[in-house]
There are 2 protein chains.
Amino acid sequence: MIDSKGVDAGLLQTRYRLTKQRAAILRALEDGAHLTAETIHERVRAALPAVSLGTIYRTLDILRAIGLVQVFAHGGAARYEAALDKHHHLVCASCSEIVNIPAPQIAALALSIAQDHRYSGVDAALVVTGRCARCAGLARNGASTTGG
Amino acid sequence: MIDSKGVDAGLLQTRYRLTKQRAAILRALEDGAHLTAETIHERVRAALPAVSLGTIYRTLDILRAIGLVQVFAHGGAARYEAALDKHHHLVCASCSEIVNIPAPQIAALALSIAQDHRYSGVDAALVVTGRCARCAGLARNGASTTGG
DNA sequence: CTCTCTGCAAAGCATTTGCACATTG
DNA sequence: CAATGTGCAAATGCTTTGCAGAGAG
C-alpha cells in the first residue's frame, strides 16, 4: 500500500511511469481524504500550476485500477482517498461531513451474501447517511444547515 | 406504500397533483426495478408518447422526497425503484446484473454506528460488488463479459 | 379560476477523449 | 529512442432549469 516514504512504490511496480504530476496527486491524497477531483486539482496546482483536470482524472483512474485509491460517490462528484485500509462511510445529509467507519463485520456479511448468489471477487461498500449532532441542533433552531 | 390498486394514494396525500404522467411513471416503477431515468422514459412513452425526460426527472425527484421511490447510483446513471421494502444490492461488475438482498442486520449496525457518532435520522445503503457465476465462467474462457 | 405541471430546449456539472507535443525510463 | 504521459479544448452523458402554454382540483 501507500507508505509515507514510498508513496510511489505502487506505481513503480507497474508499467506506468512515475511523473511529477502523479507524485503530486498521490501526495495530495495523503493529506486529505474524500477529495473531489477538482479539490485534488487545486491542491496539485499549488506545486504544479499547469496540471490539467484531465490529467487528474486519468491518474486517479489508473490509481484506482492499481488499487492505490478508493472511490466513493457522494453528491454528484466522486470522492477519492488513499486505499490505506478498508473502511466504510458515515455521511451527514446536511453538511456533507464524511466520517470513516471500520465496520469489519461487513466483509464477512458480503462474502456470505456473495456465496449465496455464487458471486466471486467480492467487495462491499456501506454508506450510512444521517444528520450529525451539530446539524440536528441547528435544524431544531430553524436555521439553514447546508454548508460545511 | 405502493399498492397495485392504489399506486397513487401516496401522491394524493400530498400537495402534489396526480397527473397521467406521474401515474404512468409510478406504474413503470412497479414493473421493473433498478430502472434508469431513460429506461423509465421509454416505458412511459409507450403510453404517453409526448412525455419529456425532464418530467421524468422532476417526478422521480418528488417521489423520492415523498419516500415512494428509492435511488441508487450505479455506472454513471442513477437507478430508481419503488420503495416497497428496505433492501440492499448485489451488483455484477461485468454484466451489471443487480440482485436485491434483504440484509436486515444492516439496519441495526447502521443505527449503532450512528449513535456512536451522535447522528440521527439514519439510513444505510450496502452495495456488494462481484462477478456473477455466468460472467466468471465466461471470463475463464477468455470471452468478453460486458453486456447482458 | 388559480396554482401546479408539462414540453421544449438550452444550460450545468462531472468526466472523458483526440491530438500534437513533452517526458520518462 | 520508443513508449507513455500531458495540456488543451472540444465532446459526452446525465441531470437540472426557465419559460409559456396546458391541465388538475
Side-chain angles (χ1 to χ4, degrees), chain A residues 7-28 34-66 68-81 96 146, chain B residues 7-26 28 34-66 68-80 96 146:
Chain A
V7 190
D8 317 328
L11 268 181
L12 292 176
Q13 289 159 24
T14 67
R15 68 183 184 81
Y16 300 107
R17 291 178 178 170
L18 175 59
T19 63
K20 55 192 175 215
Q21 289 89 338
R22 290 179 182 174
I25 291 170
L26 280 163
R27 230 165 285 125
H34 317 128
L35 304 178
T36 278
E38 198 168 329
T39 304
I40 296 172
H41 188 204
E42 286 166 14
R43 295 196 180 195
V44 170
R45 278 191 160 190
L48 302 170
V51 182
S52 72
L53 235 192
T55 293
I56 304 289
Y57 278 110
R58 277 185 284 226
T59 298
L60 287 172
D61 197 47
I62 288 172
L63 297 177
R64 177 174 52 75
I66 300 177
L68 288 181
V69 160
Q70 236 178 298
V71 201
F72 136 81
H74 173 254
R79 306 296 183 122
Y80 301 83
E81 59 186 323
S96 289
T146 306
Chain B
V7 190
D8 318 328
L11 267 181
L12 292 176
Q13 289 160 22
T14 67
R15 69 180 184 81
Y16 300 108
R17 289 180 178 170
L18 175 58
T19 62
K20 55 192 176 215
Q21 289 89 339
R22 290 179 182 175
I25 291 171
L26 279 163
H34 317 127
L35 304 178
T36 276
E38 199 168 329
T39 305
I40 296 172
H41 189 203
E42 286 166 13
R43 295 197 180 194
V44 170
R45 277 190 161 190
L48 302 170
V51 182
S52 72
L53 235 192
T55 293
I56 304 289
Y57 278 111
R58 276 185 284 225
T59 298
L60 288 171
D61 197 48
I62 289 172
L63 297 176
R64 178 174 52 74
I66 300 178
L68 288 181
V69 160
Q70 235 179 297
V71 201
F72 135 80
H74 173 255
R79 306 296 182 122
Y80 300 84
S96 289
T146 305

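Being a predicted model, the structure only gives us computed values, none of them experimental. A note on names: the letters A, B, ... follow the listed sequences, proteins ahead of strands, and every chain is numbered from 1.
Taking the side chain as every heavy atom from C-beta outward, B/T36 and B/R79 approach each other to under 4.5 Å. Counting only heavy atoms from C-beta outward, the side chains of B/T59 and B/Q21 never approach each other to under 4.5 Å.
For the helix from C/dC1-D/dG25 to C/dG25-D/dC1, the end axes, each set by the C1' atoms of five terminal pairs, are bent relative to each other by 40° (nearest 10°).
Residue A/R22 contributes atom CZ, which lies 13 Å from atom C1' of C/dG25 at whole-angstrom precision. Atom-to-atom, CZ of A/F72 to C1' of C/dA14 comes out at 16 Å; the value is rounded to the nearest Å. Atom CG of B/L60 is separated from atom C1' of C/dC5 by 15 Å (rounded to the nearest Å). Going from atom CD1 of A/I56 over to atom P of D/dT6 covers 9 Å, rounded to whole Å. If you measure from atom OH of B/Y16 to atom P of C/dC5, you get 8 Å, rounded to the nearest angstrom. In this entry the distance linking CG of B/L18 with P of C/dC5 reads 11 Å, nearest Å. Atom CG in B/L26 sits roughly 15 Å away from atom C1' in C/dC5 (whole-Å rounding). Across the protein-nucleic acid pair, A/I62 atom CD1 and D/dA3 atom C1' stand 14 Å apart, rounded to whole Å.
Residue B/E38 places its side chain closer to D/dC14 than to any other of D/dC14, D/dG7, C/dT6.
Against DNA chain C, the stretch residues 41-51 of chain B makes heavy-atom approaches under 4.0 Å through B/A50, B/V51.
We find the OH-CG distance between A/Y16 and A/L68 to be 11.0 Å, quoted to the nearest 0.5 Å.
Under 3.5 Å, the side chain of A/R17 and the base of D/dA3 form at least one donor-acceptor pair of N or O atoms.
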At a cut-off of 3.5 Å, list every protein nitrogen or oxygen paired with a nitrogen or oxygen from nucleotides 16-20 of chain C, distance to 0.1 Å.
unit_1 : atom_1 : unit_2 : atom_2 : d
C/dG18 : O6     : A/R58  : NH1    : 3.3

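Among A/R43, A/E38, A/R45, the single residue meeting the side-chain hydrogen bond (donor to acceptor under 3.5 Å, both in side chains) criterion with A/H41 is A/R45.
Close to D/dG7, at under 4.0 Å from its OP1 or OP2, lies a side-chain N or O of A/Q21. Contact annotation: B/R15 does not reach the phosphate of D/dG25 (side-chain N/O to OP1 or OP2, under 4.0 Å). Dashed line: the shortest gap from a side-chain N or O of B/T59 to OP1 or OP2 of C/dC5 is not under 4.0 Å. Applying the 4.0 Å criterion to OP1 and OP2 of C/dT6, one finds that B/T19 has a side-chain N or O inside that range.
Judged as a side chain to side chain donor-acceptor pair (under 3.5 Å), the pairs with a partner in residues 49-58 of chain B (not counting sequence neighbours) are, in order, B/S52-B/T55.
Here the shortest heavy-atom pairing between A/A28 and A/L35 reads O-CD1, 3.6 Å. Taking every heavy atom of both residues into account, A/A47 and A/P49 meet most closely at O-CD, 3.5 Å.
Under the rule for a side-chain hydrogen bond (donor to acceptor under 3.5 Å, both in side chains), the partners of B/H34 that lie at least two apart in sequence or sit in another chain are B/E81, B/H89, B/N100. Partners of B/L60 according to the side-chain contact (heavy atoms from CB on, under 4.5 Å) rule, which considers only residues two or more places apart in sequence or in another chain, are B/I25, B/L29, B/A37, B/I40, B/I56, B/Y80.
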